[in-house]
Amino acid sequence: MRRFYAPSECFNEDKITLNVDETRHLRDVLRLRVGDEVHVFDGIGNEFGCEIETIEKRSSLLKINEKVSPQSPESDLDLTLAIALLKGEKFDLVVQKAVELGVGKIIPIITKRTVEKSVRLERLRKIALDATKQCGRAKLLEIAETIEFTTLIELNEGTMIMFSERNGTSFSTINPTKKIVSIIGPRGGWEDSELECGTQKGVSIITFGGRILRAETASIALTAILQHNFGDLN
């Protein structure tokens, strides 16, 4: 079933209006026609079976036939991935796989060893939307504004876990919880002062069996482990 996205403000009783981008994809890429059936999700967890009523140049009108269950349900684990800025394609990959693995939010962070100092958030949000369409989720991954690492650990966002190649303990030390912030450092790892700062703020420092992983690999692998231990990948 072809899937499209429309925010809640595009819903009006039993009708949904698709914007120009979704309409272009519907009309020019998929070559759908009036009367064809599609699914539309609202980005906050709801999905609907619809029938195309009209296709215009800059919008399309769909009639809601029924509410349906998303193909990919949301995890019970409220998981946020905070990751030091990566170069373009590497960050693209992390966003795509985070969507597939059920992450709810990504926070780009700047650490003392971060090389990249900015990221194109709109590009990442477009990648997240495309991945959501493909993987069957009905809830959009939130991508927050970039913040400093020291600002992040001051937030009360749930159980915070820093992954480090040294000075950490095993996953068995993590108390079961349904809200976790997984913090991934930059290429070159954390500075000692950052690990000390995290420890002072009550952040758990976890190692990955002594293996040395690239930041993008660690983000994907460790997200899967957390979903397995505390979420729905079990």
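Below, each value reflects all heavy atoms present in this structure, side chains not excepted, and no hydrogens, waters or symmetry copies.
- Side-chain N/O atoms of E165 and T207 include no donor and acceptor closer than 3.5 Å.
- In this structure, E89 places its CD atom where only 12 or fewer heavy-atom neighbours from other residues, nucleotides or ligands lie under 6.0 Å away.
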Worked verdict on F48 versus F11 for ring-ring contact (aromatic ring centres under 6.0 Å, His included): CA-CA 11 Å; F48 303 88; F11 286 68; 5.5 Å; yes
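- Here the options are N12, T54, L61, the test is side chain to side chain contact (heavy atoms under 4.5 Å, CB included), and the partner is T17; only L61 passes.
- Taking a 4.5 Å side-chain heavy-atom cut-off between Ile, Leu, Val, Met, Phe, Trp and Tyr, the cluster of V115 contains only that residue.
- Under the 4.5 Å side-chain heavy-atom criterion for ILVMFWY residues, no single connected hydrophobic cluster contains both I107 and L121.
- Evaluation of the salt bridge (charged side-chain N to carboxylate O under 4.0 Å, His left out) test over residues 171-191, restricted to residues two or more places apart or in two chains, returns R113-E191.
- The number of heavy atoms from other shown groups lying within 6.0 Å of NZ (K67) does not exceed 12.
- Of the listed residues (R3, K133, R2, R27), just one forms a salt bridge (Lys or Arg N to Asp or Glu O under 4.0 Å) with E22, and that residue is K133.
- Of the possible polar contacts, none joining the W190 side chain to the E196 backbone as a donor-acceptor pair under 3.5 Å is found.
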F91/I83 under side chain to side chain contact (heavy atoms under 4.5 Å, CB included): CA gap, chis, key distance, verdict: CA-CA 9 Å; F91 217 141; I83 179 171; 3.7 Å; yes
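- Using the six-membered ring where Trp is involved, H25 and F4 have ring planes that are perpendicular, over 60° apart on the 30 and 60° scheme.
- Criterion: ILVMFWY side-chain heavy atoms under 4.5 Å apart, direct or through other members. Under it, V203 and I206 are not part of a common hydrophobic cluster.
- Donor-acceptor pairing under 3.5 Å is lacking for the side chains of S59 and T23.
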Intermediate values then yes/no, salt bridge (charged side-chain N to carboxylate O under 4.0 Å, His left out), R33 and D36: CA-CA 6 Å; R33 297 289 182 263; D36 287 343; over 6 Å; no
